Enquirer: 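Before I ask anything, here is the structure I am working with.
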Amino acid sequence: MAFGDHAYTRVVRGLKVTLPLVALVLLSTMFLISRKVDPTAAIALSDQAFRDRISGSQLSDPQYDGNTNTGKSMTVTAQSARPDPDVDGKTYGQVVNAVINLDSGEVMTITADTGIVDEEQDLAVLSGNVHLITTDGYDFKTSQLTSLLSKVEGESAGQVTGFGPPGTLEAGKMFVKTNETTGKVELLFTQGVHLVYTKQKDE
Amino acid sequence: QDTNAESGTTIAFGDRQQDTSAPIDVTSKQLAIDEESNTALFTGDVVVIQDTMTLYAPWVKVFYNDEQSDIQSMKATGGVTIIQNEEAAEAEEADYDLQNEVMVMTGDVLVTQKLSAIAADKMTIKLDDGTALMTGRVKTLLRTGGSSKKDDE
């Protein structure tokens, strides 16, 4: 019988020693085999994507406000624009909208697919479906319009079609000018003009 | 010397059906539109066509009414030629008043018709009934057959 009693107590006495040892071993190795968590690699972004973000420096809803020397205010807004990385003062815009307030209270609105504003050269180039509308009813379309920023002066690159209050108009080229003496805005069409006046029947 | 300017010769000119509310077709080299003063200045080989009438001039200024929806009048200078059907009228200047349907030509007016040509200082064409009043040193030049289309004295 003696052996039986002794075996049980010896086993229990052995376990009392080995079990904590095993627990200790387990605890100490847990940190060794756990997955590496590297706090420095926090954002999973490739360097290229990061570099694009910086060079693009995309602006949304940018707005350019300027006054022409004859006091006519001009506001150019775009859906998105980004500055030229190596030429400062030069901005490329998408879906551009330029609003020019004329002295007489009339407003001239010019919209285009793309626009380049270069303050250094005092130049804005609007291209792609350029659409010029004035509040007193003139509505012209052309492919490209180049204009100064400091005053209301510009010219179309080529053919202009559209209509004014009196009738429909086609011309080879259009100039927008501010008359030096009167300060009024004048539209000059050259290289062949064809205009058809149709009398308003409702008279 | 014909002193009484009003007593002139009334001739038939143009076509009774001249519709002064017909669309007006203008072609020219250049066109300047002034935003506020309701005018449009055509320069360089200007051709104005309305219904049966064609006007040629180097300089034509068009005056709109205030809403710019309609033309009130036109002024052509620098040597104007008006052709209507087979008749032609030349003068220094022409003023076309669309509202009253009257065209006044002034300065060395010369009207060439089939058989004769009439010169005068002034010609007032009433477009609605196709008559024209020639006033001021009215002279009728008869064609002696076989002459060229335009007698350049």
Side-chain angles (χ1 to χ4, degrees), chain A residues 70 72 100-109 132-140 152-153 155-156 159-203, chain B residues 17-76 96-103 127-128:
Chain A
T70 52
K72 297 185 178 61
I100 303 167
N101 298 314
L102 306 178
D103 290 355
S104 62
E106 304 290 350
V107 174
M108 185 188 281
T109 311
L132 185 143
I133 305 167
T134 68
T135 39
D136 58 1
Y138 284 96
D139 180 319
F140 295 121
V152 180
E153 190 167 312
E155 62 179 50
S156 76
Q159 236 235 337
V160 175
T161 56
F163 51 90
T168 58
L169 174 80
E170 278 159 44
K173 197 171 167 70
M174 175 177 82
F175 292 91
V176 184
K177 280 221 295 286
T178 314
N179 184 315
E180 294 317 325
T181 45
T182 64
K184 297 232 170 15
V185 173
E186 279 171 5
L187 300 176
L188 177 68
F189 299 91
T190 58
Q191 288 173 16
V193 175
H194 181 214
L195 194 119
V196 177
Y197 291 107
T198 42
K199 195 165 169 51
Q200 254 59 28
K201 283 292 166 276
D202 48 33
E203 218 95 21
Chain B
Q17 280 87 26
Q18 167 64 11
D19 170 10
T20 55
S21 65
I24 299 174
D25 187 303
V26 184
T27 48
S28 72
K29 281 219 176 73
Q30 285 203 343
L31 161 65
I33 297 182
D34 185 331
E35 282 282 323
E36 274 92 32
S37 69
N38 295 347
T39 63
L41 177 60
F42 293 88
T43 49
D45 304 343
V46 186
V47 177
V48 178
I49 301 169
Q50 184 183 39
D51 199 12
T52 59
M53 185 191 72
T54 309
L55 180 144
Y56 299 91
W59 185 98
V60 172
K61 192 162 194 174
V62 173
F63 300 87
Y64 310 132
N65 57 12
D66 292 343
E67 307 84 33
Q68 293 206 357
S69 62
D70 205 358
I71 299 182
Q72 253 170 344
S73 66
M74 264 195 241
K75 180 183 220 8
Y96 183 13
D97 179 341
L98 277 91
Q99 308 308 350
N100 310 325
E101 299 180 290
V102 170
M103 167 88 77
L127 292 161
D128 48 7

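Keep in mind that this is a model prediction, so the values were computed, not measured. By convention in this document, chain letters (A, B, ...) are assigned in the order of the sequence lines, proteins followed by strands, and residues within each chain are numbered from 1.
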Enquirer: How long is the span from the CD atom in Gln191(A) to the CD atom in Gln30(B), to the nearest 0.5 Å?
Expert: 9.0 Å
Enquirer: Does atom NZ of Lys173(A) have more than 12 heavy-atom neighbours, drawn from other residues, nucleotides or ligands, at distances under 6.0 Å?
Expert: yes
Enquirer: Shorter than 4.5 Å, heavy atoms on both sides: which option in Leu195(A), Thr168(A), Leu188(A), Leu169(A) has the most such pairs with chain B?
Expert: Leu195(A)
Enquirer: Measure Val46(B) against the heavy atoms of chain A and call it side chain, backbone, both or neither at under 4.5 Å.
Expert: neither
Enquirer: Considering only heavy atoms, which portion of Leu31(B) lies under 4.5 Å from any heavy atom of chain A: side chain, backbone, both, or neither?
Expert: both
